[in-house]
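Remarks on the structure that follows.
Chain naming here is simple, since letters A, B, ... match the order of the sequence lines and numbering starts at 1 in each. These values consider heavy atoms only, across backbone and side chains, with no hydrogens, waters or symmetry-generated copies.
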Amino acid sequence: IPPPNVTGSLHMGHALQHTLMDVMTRHKRMRGYRTLWLPGMDHAGISTQLMVSRALKKEGKSRHDLGRESFVERVWKWKRESGGQITKQMRRAGSSVDWSREKFTMDEDLSSAVREVFVRLYEEGMIYRGNRIVNWCPQDQTVLSDLEVEKLPQAGKLYYLQYPIKNSDRRVTVATTRPETMLGDTGVAVNPSDERYSELVGATVLLPLTNREIPIIADDFVDPEFGTGAVKVTPAHDPNDYDMGQRHDLPQVVVIDTFAKMTAEAGERFAGLDRYEARKLVVEEFEALGLLEKIVDYEFSISKCERCKTVIEPLISTQWFMKMDQLRDRALDLLAREKKPRFVPETPYEKVYTNWLENLRDWTISRQLWWGHQIPAWYTRTGEVIVARSEDEAREMAGTSEITQDQDVLDTWFSSALWPFSTLGWPNETEDLKTFYPTSVLVTARDIIFLWVSRMVMTGMQFIGKEPFADVFVTGTILDAQGQRMSKTKMNGVDPLDVFDKFGVDATRLTLAQVGTTDTRWNEKQVESYRNFANKIWNAARFCLLYSEGAKVKPALLQTTTANLALHDRWIISRLNKTARDMNAALAAYEFHGAVQTLYHFFWDDFCDWYIELSKSDVTSDTPSAQRDEARSRLLTVLEHALRLLHPFMPYITEELWGRLPGEKPLHPAYSNAEPTVMLTAYPQGGPVDETAESEMNMLITLVTGVRNIRAEYNLKPSDKINVLIGIPSPNLRKVFEENTDQVKRLTGASTIDVSASLNAPKASAKFLLTSTDEVAIPLEGLVDFAEETKRLQRKKEKLEAEAKKLQAQLANPDFATRAPAEKVQQAQDRIREIELHSKALDQAIENLQ
RNA sequence: AGGCACGUACGUCAAUGGUAGACGGCUUCCCUUACAAGGAAGAGGUUGGGGGUUCGAAUCCCUCCGUGCCUACCA
């Protein structure tokens, strides 16, 4: 499971992911696989620290009043008392995780895995401490990784500032969005090929408002097309300028501090000012000096803290970093050679993942927080750095006990990156690790492919030498009814718990399962229809149980080889087999939408609308008999199989109903000693499809539907008596209808059914065709308007002819015959012949009316 | 700024290059002995526009329009 934040509560995204994971787990479990779905939570560094800090603030205290140790203790207390709401909600959602193995990223075993990884990477030179420019959040007072920063478009200004040149009356104009940083400028850069400035390269600029003299340098980074083609360089406060400064050995003048206030270095007049106040003042000063050329409106993107939305201040700071090249290369190699992980859907995620990896930069892993894994590095009084698995080990290595631990903690994602193996006991060679690693599949939302998925792959390859999972299933996003992303700030989120309350967990799960990988607008109507489906299941089961006296579930009754079964029995067994096969195929291919549709139609259409209706004559009989018991038992048995097929999607209703069914309900052999539960029965695998039964039943359905259609078109009341005449040349087929006349009578409300080799119906009849040779007529003395009936038959004929015309055009094309597969050509020809016969029969019927 | 998706019935979504489907909604009829949260029968589409490839295109290619997402160091 992607471990949710300890501070979080269940939202639609979780509900979706958890439903899919649960369906997969329950399905595999029912097939006898040893499944592990391991739950847990993430300590969520910043967000948890903020939450507890906020609570402290209400008491008028800050974390500094408590001190580190008591603050961390306070967070643990919060975690014990009110953290992990989501685990309760997951129980409600029916998530069949193994709670006995629940993990928390700050647990001692996971923490020791974190230290182990840190030490090993440090020893290999892949983790280092360095002084570099980083993303700093002045509000949260911590460094952030590139992924924790969001770029937002911003309407701003572009300021054109003029800098005088020493020993010249020329000025050079630079464009900037942040005038206040000019106080930290240590150079002006132009493109080496820019002829406008070629003479000025090497000249000295007299930086206004300061006493500094700074050089004009040439660097390829500068785009001559943008602004004036000359750029002010502030190595201490801009990532690009930092790089340029490195290349040209420019000094770094720090003019903004960690609270985004101007430093003493900025000069007396500016020191202590907020960055925006300083900006205003700098612009005023330039204007007063006549050095402000112009200000233009300019839209650019600004970096904000993903969490608190404060504008990021790039600062030079000493932090811990992880080198990514080697890790990245192994991940790319894994994908190239073994196609792991396999993304579902492959497009676009495989490419997105690859592109991101290819452009990966070093990862800033330290955070200036108290809540998290404290960095296992210690410093001696002489400044020596010691990285060790424990303080004792560090003392020993240092040869002194006078050491202090690094105050920073690790990025939350550092421990999450180890989740697939740290939760299984690594670095110990545990049985669990051997059994369950590599895992089969990860289900996740696309926004953490970089933050989490890629990092798990990299650490997995580095420390286990094997991929953490074979497949990655990336879910779609549930949007609101307007197509907007659901978010806390927009207040447009739909709470899954409310949906559970309103429509039930099972209905919600079906709705979510069919979302699969597509982005979908939330539509409550959909849930409502699945609630109705659940109701339908309940009522169908009620019917089966109402007539269950003398009956019980008996799997042998679904064997078609031995018994001489009625058509509808052979048919439902065939449908059941087909459905089971389709379900297993759909689930193996992660086709959840198809799986849900398959279940819905099997249960509602096949089982309820036809099978139950056709069973009624036997099942509801008042007189006990072996035949009645068998019919009842077979009905119960089909229901029992259907419940098993439904179970991974609808655990609650299936468990409840399954428990009520009497009879032989064996568990899967893998769980033979367990307490009875539908969870541990065998998922039906499906058997042979009976094509004869399917096609005969289809004819019966066509007959019933056709008669009902005529009833509707002639506005016949249910109480109106009708006689149905059927003309069927084939003796075999005639037998099928003869055997089912009582059924057809019940389903159509007909008084008599007369099956014969050829139709002999009065002129005043409504007619339709079962096939081109098989006809049905309903005499309607006094009710048939001959002109109307003619039109009705004409309309049917027109429909057929339109289709035939299309096919004929296709066949008329000589290329079709030569190039299309023979099978397709044959199909088209067959269909045309069928339509011709059908059409002729209709002509005959029309003629009879005249 | 680049990159990537998406656009199918009134709505939400399906459809290995082979006659475009489902559910909801809508229309008509029915409280038929499991279920009115139900039953029966229907209507509804030139698959965003245009062009191309192909025997054949919702599907592959190009282009335009519209929508969304991701990445990025343009001061």
Side-chain angles (χ1 to χ4, degrees), chain A residues 146 151 158-159 174-178 181 189 221-223 225-234 238-244 298 300-301 345 347-349 351-352 355-356 359 446-447 449-450 477 479 481 483-485 503 511 514-516 518-526 528-547 591 593-594 596-597 600-601 604 608-609 612-613 616 620 704-705 708-713 715-719 746-749 802-804 806-807 810-811 813-821 823-825 827-828 831:
Chain A
D146 292 341
K151 308 274 172 108
L158 193 57
Y159 302 84
V174 296
T176 180
T177 55
R178 301 195 59 193
T181 61
F221 165 77
V222 181
D223 176 5
E225 303 293 317
F226 188 89
T228 61
V231 193
K232 59 191 274 311
V233 184
T234 323
D238 181 279
N240 303 311
D241 294 5
Y242 176 84
D243 291 343
M244 260 196 287
Y298 180 62
F300 60 104
S301 55
T347 356
Y349 300 113
K351 213 164 148 189
V352 165
N355 287 347
W356 185 76
N359 299 308
R446 61 175 147 261
D447 52 354
I449 290 178
F450 305 144
T477 308
L479 307 166
Q484 302 276 312
R485 265 187 110 80
F503 299 108
T511 310
Q514 67 158 9
V515 165
T518 15
D519 289 1
T520 306
R521 295 181 184 211
W522 181 253
N523 183 358
E524 202 176 85
K525 286 283 181 192
Q526 189 65 253
E528 195 180 335
S529 98
Y530 286 128
R531 185 271 317 264
N532 294 349
F533 179 54
N535 199 39
K536 186 76 179 178
I537 296 170
W538 185 263
N539 281 314
R542 234 166 43 113
F543 172 81
C544 299
L545 287 166
L546 195 61
Y547 295 100
E591 286 165 3
H593 186 277
V596 171
Q597 296 297 314
Y600 189 95
H601 289 118
W604 202 312
C608 292
D609 289 351
I612 288 185
E613 292 306 323
K616 277 181 178 172
T620 63
V704 171
T705 309
R708 285 170 173 172
N709 180 315
I710 284 170
R711 268 190 178 279
E713 289 195 21
N715 289 321
L716 299 180
K717 289 193 195 113
S719 54
R746 264 192 325 108
L747 296 180
T748 60
E803 190 189 333
K806 235 179 175 178
L807 288 168
Q810 199 172 34
L811 284 169
N813 184 337
D815 289 330
F816 178 69
T818 51
R819 302 217 184 172
E823 183 200 340
K824 294 287 170 197
V825 178
Q827 268 175 23
R831 180 66 187 148

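In this structure, A:C608 reaches the bases: a heavy-atom distance under 4.0 Å links it to at least one base atom across the strands shown. If you check every strand for non-hydrogen atoms under 4.0 Å, A:P821 touches a base. Here A:N532 lies in heavy-atom contact (under 4.0 Å) with a base.
Not one side-chain nitrogen or oxygen of A:R531 sits closer than 4.0 Å to the OP1 or OP2 atom of B:A37. Note on A:T620: every side-chain N or O is 4.0 Å or more away from OP1 and OP2 of B:U33. Note on A:K824: every side-chain N or O is 4.0 Å or more away from OP1 and OP2 of B:U19.
Here the closest non-hydrogen pair linking A:T477 and A:D519 is N-OD1, 2.8 Å.
A donor-acceptor pair under 3.5 Å is formed between the side chain of A:N539 and the backbone N or O of A:N535. The backbone N or O of A:K717 lies less than 3.5 Å from a partner atom in the side chain of A:R711, making a donor-acceptor pair.
On the P atoms, B:C30 is 23 Å away from B:G44, given to the nearest whole Å. Here, B:G68 and B:U8 have their P atoms 14 Å apart, quoted to the whole Å. Nucleotides B:A37 and B:G25 have their C1' atoms positioned 15 Å apart, rounded to a whole Å. Across B:C65 and B:U27, the matching P atoms stand 40 Å from one another, rounded to whole Å. The gap from the P atom of B:A40 to that of B:U12 amounts to 27 Å, rounded to the nearest Å. Taking atom P on both nucleotides, B:U46 is separated from B:U16 by 22 Å, rounded to a whole Å.
One can place CG of A:N715 at 17 Å from P of B:U27, the figure rounded to the nearest angstrom. To the nearest angstrom, C1' of B:C35 lies 13 Å from CH2 of A:W538. What separates CZ of A:R746 from C1' of B:U32 is a distance of 11 Å, to the nearest Å. Atom P of nucleotide B:C23 and atom OH of A:Y600 are separated by 6 Å, given to the nearest angstrom. One atom, CG of A:L545, and another, C1' of B:C35, lie 14 Å apart when rounded to the nearest Å. Going from atom NZ of A:K525 over to atom P of B:A37 covers 12 Å, rounded to whole Å. As a whole-Å value, the separation of A:R708 CZ from B:A40 C1' is 6 Å. Rounded to whole Å, the distance from CD on A:Q526 to C1' on B:G24 is 7 Å.
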At under 4.0 Å between heavy atoms, which parts of nucleotides 68-75 of chain B does protein reach? Answer with one letter per nucleotide, 5' to 3': B base, S sugar-phosphate only, - none.
---S-BBB

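For the pair A:D238 and A:K232, the salt-bridge criterion is not met [side-chain N within less than 4.0 Å of a carboxylate O].
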Pairs under 3.5 Å (Watson-Crick or G-U), crossing ones as [ ], inter-strand ones as |: RNA chain B comes out as (((((((..((((....[..)))).(((((.......))))).....(((((..]....))))))))))))....

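Taking the ring centre of A:F543 as origin, the terminal cationic atom of A:K616 falls inside the region bounded by 6.0 Å and 45° from the ring axis.
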